[in-house]
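Source: prediction; values computed, not measured. Indexing begins at 1, ligand by ligand and atom by atom, following the structure's order. When reading the values below, keep in mind they use all heavy atoms of this one structure, side chains included, and skip hydrogens, waters and symmetry mates.
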Amino acid sequence: MHDKTLCVMRPEVSHEGFASLAVPTYRASTIVFKDAKSYADRKYRGPDGYSYGLHGTPTSRTLEAALTELERGVRTVLVPSGQAAIALVMTTVLMPGASVLIADTAYPPATGFCENFLKPRGISYKVYDPMIGGGIAELMDPTVKLVWTESPGSTTMEVQDIPAIVAAAHAGGALVACDNTWATPLNFKPLDHGVDFSVEALTKYVGGHSDLLMGSVSVRELPQQRRLKDTMRMMGIGVSPDDCALVLRGLETMGVRLAHCAAVAIDFAQRLAELVPAHLVLHPALEHNPGHEFWKRDFSGASGVFSLIVPPAAEEALPDLLTAAKVFSIGASWGGTHSLLAPMNVTGDRSVTASVHPGTILRISIGLEDPRDLWTDLLPIARAIADSLHNETLHQAEAPSP
Ligand SMILES: *Cc1c(COP(=O)(O)O)cnc(C)c1O
């Protein structure tokens, strides 16, 4: 062979005796075939065979298989973000004329997808109260093909009665999807409760280091994976094996990361609930949290994200308090090693939940820093809230009665 050929063709090296604990990163666009017949027959390899890099490499298949086992499903597909996972399920299940029921507390871009993408294409949606439970039966009609759940709800943390919703949805002929990003399959297994599509933003706890974007959908029945893969093939959607390798690395430590974040978050939530009126603290593990009984019944644990309602009197002081925090960063995409604070206002995103707090809700994501340093940042915020309420009460007491 001439040099230029040697540059392109690689010598075979032995793998004999090499056993690594790391998952190799297999990159590929094209896949080569051992003979002309295998090439001609490649379409018969099906969605689980290898045909093109876009449709999977051993690296992505390893991640899919790991998630499938954790979710106790039959297959998992990987997409470039959590939002892509939401869009994939909805575009696959819903045809023009169909409709979807979506929880008022869903990740706001999920509802945004219904409004801005599905609606103009003749697919309607209806928003429901996350605490509706089996009452969702009353919203079912023959056009409803999908019920979208997210538990606990974004920012306001309502835990849904998933088994009751699944029973009513299936009775009405609809499939059910659950955005399980907060719990991860370590703390809740939607497919075990009859959910058809378990959706995860791997960007959050599974990746776990705020350095990648990926989403997954795990299914309970094989035909659903076939349908999802068909949509992905038509749209040309796939994920990078390098990102899959990072997610696989994140997955290895997820158990200890999550256990730590959950323990600190629950401890902080309880401490905060003693400093400010308890109902201002939103965490599924607190007894007053809406759906706490479903969390106790269905979940095996918690994660490190919870919220603190900021009363109107404390709103003015909040921006300076957030800026003063030394360890927490200000940011939205939680689930990494760095703790985050995100001031949220959910009123614009909600249409049917009656009692949602109209002002700022502070979403807190606990990371892996020393909890003592984190508490040093949170304490002044809790004190400012307590003081603002105390001053308000004084003012009310001083105000002359009309
Ligand atoms: C972050 C998030 C998503 C979206 O994930 P991306 O990878 O950022 O697109 C979806 N659902 C929930 C509950 C999330 O927190």
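For atom 7 (O) of ligand 1, the closest heavy atom belonging to the protein is T203 OG1, 2.6 Å. Here the heavy atom of the protein found nearest to atom 2 (C) of ligand 1 is K204 NZ, 2.5 Å.
Atoms of ligand 1 lying under 4.0 Å from at least one heavy atom of E150, given by number and element, are 13 (C). The ligand atoms of ligand 1 that sit less than 4.0 angstrom from a heavy atom of G82 are 4 (C), 5 (O), 6 (P), 7 (O), 9 (O). Proximity to Q83 (heavy-atom distance under 4.0 Å) selects the following atoms of ligand 1: 4 (C), 5 (O), 6 (P), 9 (O). Atoms of ligand 1 lying under 4.0 Å from at least one heavy atom of L213, given by number and element, are 7 (O), 8 (O).
When atom types are taken as modelled, the side chain of E150 and the backbone of Y107 share a donor-acceptor pair closer than 3.5 angstrom.
Ring geometry for F113 against F117 counts as parallel: the plane angle stays under 30°, on a 0 to 90° scale with 60° as the upper cut.
A side-chain N or O of S339 and one of E369 form a donor-acceptor pair less than 3.5 Å apart. Judged purely by distance below 3.5 Å, without hydrogens or angles, the side chains of E158 and T156 pair a donor atom with an acceptor atom. If you check the side chains of E315 and T360, you find a donor sitting under 3.5 Å from an acceptor.
For the atom pair OG1 of T57 and OH of Y52, the computed distance is 13.5 Å after rounding to the nearest 0.5 Å.
Contacts with ligand 1 closer than 4.0 Å are made by no heavy atom of W182, backbone or side chain.
Between D179 and ligand 1, a contact under 3.5 Å exists for at least one N or O pair.
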